[in-house]
Amino acid sequence: QITDHDLMAKAVVSTQSTGNTKSNKTHVTKTPGGKLVIHYATKKTQISKCGDCKLGLRGIPAVRPVKLASLSRRVKKVNRVYGGSKCGKCVRSRIIRAFLIEEQKIVAKVLKAQAAKS
C-alpha cells in the first residue's frame, strides 16, 4: 500500500516555500514520462457580491484578483448602472426610492403653495 507520504518522498520538489500556508497547497501528479512531480493548487475563487444585499452577482466570472485585473472591462461588469457592483434588484429599489423621494418633495412644495394661497 503506497501512502501520500511515500509519493511525496519520491516526488520532484520544486523551489516554492515549504510552509503549510493557504497559498502553498500541493498534490502529487504523475507525468507521462512516469516522473512524480508536485503541482501547486490554485486557491478557490469567490463570486463577486452585491454591495447592498451581499448576494452573488450574475454575469461576472468568479476568478482570482490577478486574473480579474487582466480581463477586459466588458467581462467584469454588466451593462447597467452600478453593473458589477450592485445586483439588479438593489438597483431597481434605489431608482424607485429616489423617484419617490423626488415625488414627495414636489407634493410638499405644492401643499406649501396651497397653504400660502389660502
Side-chain angles (χ1 to χ4, degrees):
Q1 182 74 17
I2 297 174
T3 63
D4 269 353
H5 188 13
D6 295 334
L7 288 174
M8 288 296 273
K10 291 179 180 182
V12 175
V13 180
S14 71
T15 57
Q16 198 165 336
S17 66
T18 56
N20 185 21
T21 60
K22 283 195 277 186
S23 63
N24 207 25
K25 298 299 177 197
T26 60
H27 61 272
V28 178
T29 306
K30 202 170 203 177
T31 62
K35 222 184 338 177
L36 292 172
V37 293
I38 292 176
H39 279 184
Y40 287 90
T42 54
K43 286 185 181 181
K44 286 185 177 175
T45 58
Q46 283 198 331
I47 195 161
S48 299
K49 304 263 192 316
C50 171
D52 291 346
C53 65
K54 307 297 185 228
L55 289 175
L57 293 175
R58 293 185 186 147
I60 292 151
V63 292
R64 297 296 301 162
V66 172
K67 179 85 169 105
L68 200 64
S70 68
L71 293 175
S72 66
R73 189 175 173 191
R74 70 171 192 80
V75 177
K76 289 187 278 194
K77 61 183 287 180
V78 182
N79 193 12
R80 179 179 59 234
V81 180
Y82 295 108
S85 172
K86 310 267 187 278
C87 68
K89 206 189 321 183
C90 292
V91 172
R92 184 184 296 128
S93 67
R94 275 175 177 246
I95 291 169
I96 291 169
R97 189 184 314 126
F99 174 75
L100 291 174
I101 288 168
E102 288 301 314
E103 284 290 307
Q104 210 172 19
K105 285 178 187 175
I106 291 167
V107 168
K109 201 174 186 183
V110 168
L111 289 175
K112 195 173 182 182
Q114 283 178 349
K117 229 183 218 183
S118 60

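Since this is a predicted model, take the numbers as computed values, not measurements.
Grouped with F99 in one hydrophobic cluster are I96, L100, the linkage being side-chain heavy-atom contacts under 4.5 Å among Ile, Leu, Val, Met, Phe, Trp and Tyr residues. When hydrophobic residues (I, L, V, M, F, W, Y) are linked wherever their side-chain heavy atoms come within less than 4.5 Å, the members clustered with V81 are Y82, V91, I95.
Screening residues 43-58 for side-chain hydrogen bond (donor to acceptor under 3.5 Å, both in side chains), with sequence neighbours left out, gives D52-R94.
No more than 12 heavy atoms of other residues, nucleotides or ligands lie within 6.0 Å of CZ in R92, so this atom counts as exposed by the packing criterion.
Between the CD1 atom in I60 and the CD1 atom in I47 there is a gap of 8.0 Å [rounded to 0.5 Å]. To the nearest 0.5 Å, the span separating OG1 on T42 from NZ on K25 amounts to 13.5 Å. Note: I38 CD1 to T29 OG1 = 9.5 Å, rounded to the nearest 0.5 Å.
The shortest heavy-atom contact between C87 and C50 is N-SG, 3.4 Å.
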